[in-house]
Amino acid sequence: MTERKIPTIVTGVQPTGPSHLGHYAGIYRNMVALQEREARRFYFIADYHSLSEDYDPSEKSRQIMDLAAELLAIGVDPKKTTLFVQSHVPEHTELCWILNTVTPISFLERMTQYKDKASRQKQNINVGLFAYPVLQAADILIYRADQVPVGRDQLQHLELTRDIAGFFNNRFGRYFTEPKPLLTETPKIRGLNDPLKKMSKSLGGKSYVALRDDPDTICAKLKSAVTETTGILKYSEEELERRLGGPNPALTDGEGTDLCGQAGAYNLLTLLKLAGGEREARLIMAGQPIRYGELKRLVAERLSDHFADFRQKYEKFREDEDHLKEILKKGAETAGKTAGETLKEVRKLVGVR
Ligand code: TRP
């Protein structure tokens with residue numbers, strides 16, 4: 001009888017500033033839940049990726065440590081998961097170079113995230129931004145991952161990773177397995193100040209609730225959240241999604257304001273559910289008209305409570321930077337062993353040394 005192979009799960013998060021509810025709902029919750037599975041897990045902070053976007057070098061190392069503390073505080077457990085910083089395991093970038101040589105430029109030119117980012121930073125369309133998905137493929141393939149938990153926006157990169165694995169295998173012999181994305185149904189979290197877009201730092205401080213925000217800040221941000229004014233949810237959530245259409249629905253002004261307000265109202269209910277208030281959300285839906293002032297206070301309170309434990313743990317981890325560094329160092333050592341083995345075999349396959 002052959003031994004059942006334990007799957008390998010790999011995922012990365014970029015250090016770009018305080019994590020918010022979108023990160024939590026989209027990926028962090030999933031990362032924590034996946035720790036209950038029998039698997040080898042590698043979670044890392046994708047610091048090299050984050051250099052491809054405009055950033056301030058004096059802030060980067062703090063952002064890396066902040067993210068490490070956030071991931072630990074939310075429940076990533078170093079006993080169950082190898083947690084490390086991407087740049088501490090140089091095999092990622094070495095494999096990336098080799099993968100560059102089997103990746104057609106035309107495949108990278110199709111990446112929607114590249115096109116989006118390039119249009120946002122026209123003065124800084126650098127090769128790193130373009131090759132970003134190749135480094136991501138290396139992150140995944142260096143551990144010969146089977147499963148990659150990601151948000152929907154990363155599906156195209158995952159598909160490219162499988163293509164790259166295939167190109168490599170065709171040229172050098174079957175070596176890499178093709179990793180699959182692990183998607184769980186995650187609610188879409190919308191910007192508080194612009195519910196037609198997803199919650200994002202780039203929409204400004206009033207768009208998002210950071211996981212580290214204190215209760216007063218959470219309350220203030222929710223107070224200024226955009227909603228409609230009638231208290232009545234005109235459409236079902238599915239119907240609303242349909243009317244909003246693709247990423248850029250062509251709407252008349254009036255229609256746009258209306259749908260925006262409706263989306264904002266649903267967003268508040270989504271946040272309430274996210275903080276464990278499913279029952280309350282159902283009651284509010286059933287008891288329309290909705291009084292938004294009250295709802296906003298309730299959501300703020302539930303969110304504050306839901307992340308109280310996180311805030312405390314975050315502060316604790318953040319206070320002891322030596323401890324944090326020790327965890328990351330151990331993580332890099334463990335990851336480096338597997339990564340080193342892969343790279344050694346790959347180097348042989350491609351004919352160097
Ligand atoms: N591109 C991912 C994001 O922005 C981050 C990332 C980098 C990643 N390397 C990865 C995710 C490898 C999964 C696997 O969310």
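Counting starts at 1 for both ligands and their atoms, in listed order.
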Residues in the immediate environment of ligand 1 (any heavy atom closer than 4.0 angstrom): Thr11, Gly12, Gln14, Phe44, Ala46, His49, Tyr132, Gln136, Asp139, Ile140, Val148, Val150, Gln154

Lys115 NZ: over 12 foreign heavy atoms closer than 6.0 Å: yes

Salt bridge Arg242-Glu238, side-chain N to carboxylate O under 4.0 Å: no

Interatomic spacing from OG1 in Thr338 to CD in Glu91 - rounded to 0.5 Å: 10.0 Å

Asp163 side, atom CG; Gln156 side, atom CD - distance, nearest 0.5 Å: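 The CD atom of Gln156 is 10.0 Å from CG of Asp163, to the nearest 0.5 Å.
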
With Lys337 via side-chain hydrogen bond (donor to acceptor under 3.5 Å, both in side chains) - residues at least two apart: none

Worked check of side-chain hydrogen bond (donor to acceptor under 3.5 Å, both in side chains) between Tyr292 and Glu228: CA-CA 9 Å; Tyr292 289 115; Glu228 54 87 39; 2.4 Å; yes

